[in-house]
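Report on one structure; see the data block that follows.
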Number of protein chains: 2
Amino acid sequence: MSHPPVSVPHDHGACVHEALARAQTICDARGVKLTPLRGQVLEIVWRSHKPAGAYEVLDELQKVHKAARPPTVYRALEFLEAEGLIHRIESQNAYLGCIEAGAPHSSQFLICRGCGAAEEIADRELDAAIAVAAKRARFKAERKTVEISGLCARCT
Amino acid sequence: MSHPPVSVPHDHGACVHEALARAQTICDARGVKLTPLRGQVLEIVWRSHKPAGAYEVLDELQKVHKAARPPTVYRALEFLEAEGLIHRIESQNAYLGCIEAGAPHSSQFLICRGCGAAEEIADRELDAAIAVAAKRARFKAERKTVEISGLCARCT
DNA sequence: CGGGCAACGTTACATTGTAACGCTGCTGCG
DNA sequence: CGCAGCAGCGTTACAATGTAACGTTGCCCG
Ligand SMILES: [Zn+2]
Ligand SMILES: [Zn+2]
Ligand SMILES: [Zn+2]
Ligand SMILES: [Zn+2]
């Protein structure tokens, strides 16, 4: 049940709905709590395929939760990232919903400077190439991040 | 003339000296100016194999240049990065001297959470794997960043 | 010899991220 | 039941990182 490329039009409401349902299932299975607050933050992050900054999330969150403050958001984002439900896009200090939540995987993104969208690619071969490169340097890899920026098919 | 792994002891003074000389040569060849200020910033970044934050650089710079302010540092860093003399480590908002200055290449790092050092690996196969992954998604890659964090050989 | 530009100075501010402590409501146990 | 302990969240204040905007200086070239 893999996600279609974000650059092709699709029913994004379904993206969001499925991501939330999936997150709920995962959290239940793990015995951790996807509280309403966390769910709202996850939903906000998922609203688009463009990475959302913490303060962008905060602005949105405050529309339904006036008391929200930066720590509120950062805690929720930290939880969601720890559970593998979102990824942090390091080159943008921003967050994006994970398309393969539940399956441990490295973070690989194609970030379009034209439309701003970021597409997660879960490329096994790339992942393997990274593992090899790390091994070659006798480095114990724990977290692997790939961020490729450029132009997506539609923006070329 | 490749750099030894940073995790093995080496004459780091030589690292710095060579990096500066090389930078001068490159800038001369390109007709751009490695001004004293830029040279000082480059030297500061090169002082260790741990990525240096902009404000860390600022603190050091102020020891010899009291008037320095954030824009001073950011401009120099921007110049140095544009000329490929340093890399920005996105996951740390920090900068590190490039070991292959002059040769265009993607940014690939092994970042040790034990000692804080970051080692640049100029891995051709990894670079190729990224290119393939991007092509597969019909994405025009312009900038490729790989940041692998974990433990280096000495910290394991 | 002066117009134009790159580099740098300077001020002020914007954005992003955290420390620290308190409150509350649930949960598990005597 | 009654309450200790803890996760989650509220709240305040601040730290760290990054930039806009404009002024000044000195060099190069016409
Ligand atoms: Zn979608
Ligand atoms: Zn993912
Ligand atoms: Zn060295
Ligand atoms: Zn490099």
Side-chain angles (χ1 to χ4, degrees), chain A residues 23-24 26-28 30-45 50-83 85-96 116 118 147, chain B residues 23-24 26-28 30-45 50-83 85-96 116 118 147:
Chain A
Q24 189 59 257
I26 291 169
C27 289
D28 288 349
R30 290 181 188 165
V32 297
K33 280 177 258 190
L34 186 64
T35 63
L37 190 58
R38 291 166 175 175
Q40 283 161 8
V41 168
L42 181 58
E43 193 268 333
I44 289 168
V45 169
K50 304 184 194 193
Y55 280 72
E56 228 172 299
V57 172
L58 178 57
D59 288 344
E60 285 303 305
L61 184 58
Q62 284 181 335
K63 291 181 183 170
V64 296
H65 189 88
K66 240 183 87 181
R69 296 283 176 263
T72 315
V73 169
Y74 279 103
R75 284 167 186 156
L77 291 172
E78 186 181 15
F79 169 86
L80 295 170
E81 201 192 1
E83 296 302 327
L85 303 174
I86 62 174
H87 292 283
R88 178 181 166 90
I89 308 296
E90 302 289 358
S91 58
Q92 306 196 133
N93 299 333
Y95 299 82
L96 194 63
E147 294 179 16
Chain B
Q24 189 60 258
I26 291 169
C27 288
D28 288 350
R30 290 182 188 165
V32 297
K33 281 177 258 190
L34 187 64
T35 64
L37 189 58
R38 290 166 176 173
Q40 282 162 8
V41 169
L42 181 57
E43 192 268 333
I44 289 168
V45 169
K50 303 184 195 192
Y55 280 72
E56 229 172 298
V57 171
L58 178 57
D59 288 345
E60 285 304 305
L61 184 58
Q62 283 181 335
K63 289 179 184 170
V64 296
H65 189 89
K66 240 183 89 181
R69 296 284 176 260
T72 314
V73 169
Y74 280 104
R75 284 168 186 155
L77 292 172
E78 187 181 15
F79 169 85
L80 295 170
E81 201 193 1
E83 296 302 328
L85 303 173
I86 63 175
H87 292 281
R88 178 181 166 90
I89 308 296
E90 302 288 359
S91 58
Q92 305 196 132
N93 299 333
Y95 298 82
L96 193 63
E147 294 179 15

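In what follows, chains carry the letters A, B, and so on, assigned in the order in which the sequence lines appear, proteins first and then strands, with residues in each chain numbered from 1.
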Any side-chain heavy atom of [X] within less than 4.5 Å of one from [Y]?
X	Y	result
B:Arg88	B:Leu96	no
B:Val32	B:Phe79	yes
A:Arg38	A:Val41	no
B:Leu85	B:Val45	no

Atom-pair distance ([atom1] on [X]; [atom2] on [N]), nearest Å:
X	N	atom1	atom2	value
B:Phe79	C:dA6	CZ	C1'	11 Å
A:Glu83	D:dA7	CD	C1'	14 Å
A:Gln92	D:dT17	CD	C1'	16 Å
A:Leu77	D:dG8	CG	C1'	15 Å
A:Glu78	D:dA7	CD	C1'	13 Å
A:Leu58	D:dC9	CG	C1'	14 Å
A:Glu56	C:dG17	CD	P	12 Å
B:Arg69	D:dA16	CZ	P	17 Å

Heavy-atom neighbours of A:Gln24 CD exceed 12 at 6.0 Å: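 Count over threshold, so yes.
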
Selected nucleotide, minimal atom distance to A:Asn93 side chain, candidates C:dT10, D:dC9, C:dG17: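 Among C:dT10, D:dC9, C:dG17, the one nearest the side chain of A:Asn93 is C:dG17.
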
Side-chain N or O of B:Thr72 closer than 4.0 Å to phosphate OP1/OP2 of C:dG9: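 The answer is yes; a side-chain N or O of B:Thr72 sits under 4.0 Å from OP1 or OP2.
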
C:dG9 OP1/OP2 closer than 4.0 Å to side-chain N/O of B:His65: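 Looking at the OP1 and OP2 atoms of C:dG9, one of them is under 4.0 Å from a side-chain N or O of B:His65.
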
Proximity to DNA chain C (any heavy atom under 4.0 Å), residues of residues 36-44 of chain B only: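 Result for residues 36-44 of chain B: B:Leu37, B:Arg38, sorted by number.
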
Just the table, please: protein N/O against nucleotides 18-28 of chain C N/O, every pair under 3.5 Å.
unit_1, atom_1, unit_2, atom_2, d
C:dA20, N6, A:Arg75, NH2, 3.2

Interatomic distance, B:Leu58 atom CG to B:Thr72 atom OG1 [nearest 0.5 angstrom]: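 Interatomic distance, B:Leu58 CG to B:Thr72 OG1, rounded to 0.5 Å: 7.5 Å.
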
Straight-line distance of A:Leu61 CG to A:Ile44 CD1, nearest 0.5 Å: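 That separation rounds to 5.0 Å.
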
A:Glu78/A:Arg75 ion pair, N-O < 4.0 Å: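 Not counted as a salt bridge, because no side-chain N and carboxylate O are separated by less than 4.0 Å.
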
Donor-acceptor contact below 3.5 Å, side chain A:Glu147 vs main chain A:Glu90: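 A pair under 3.5 Å: yes.
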
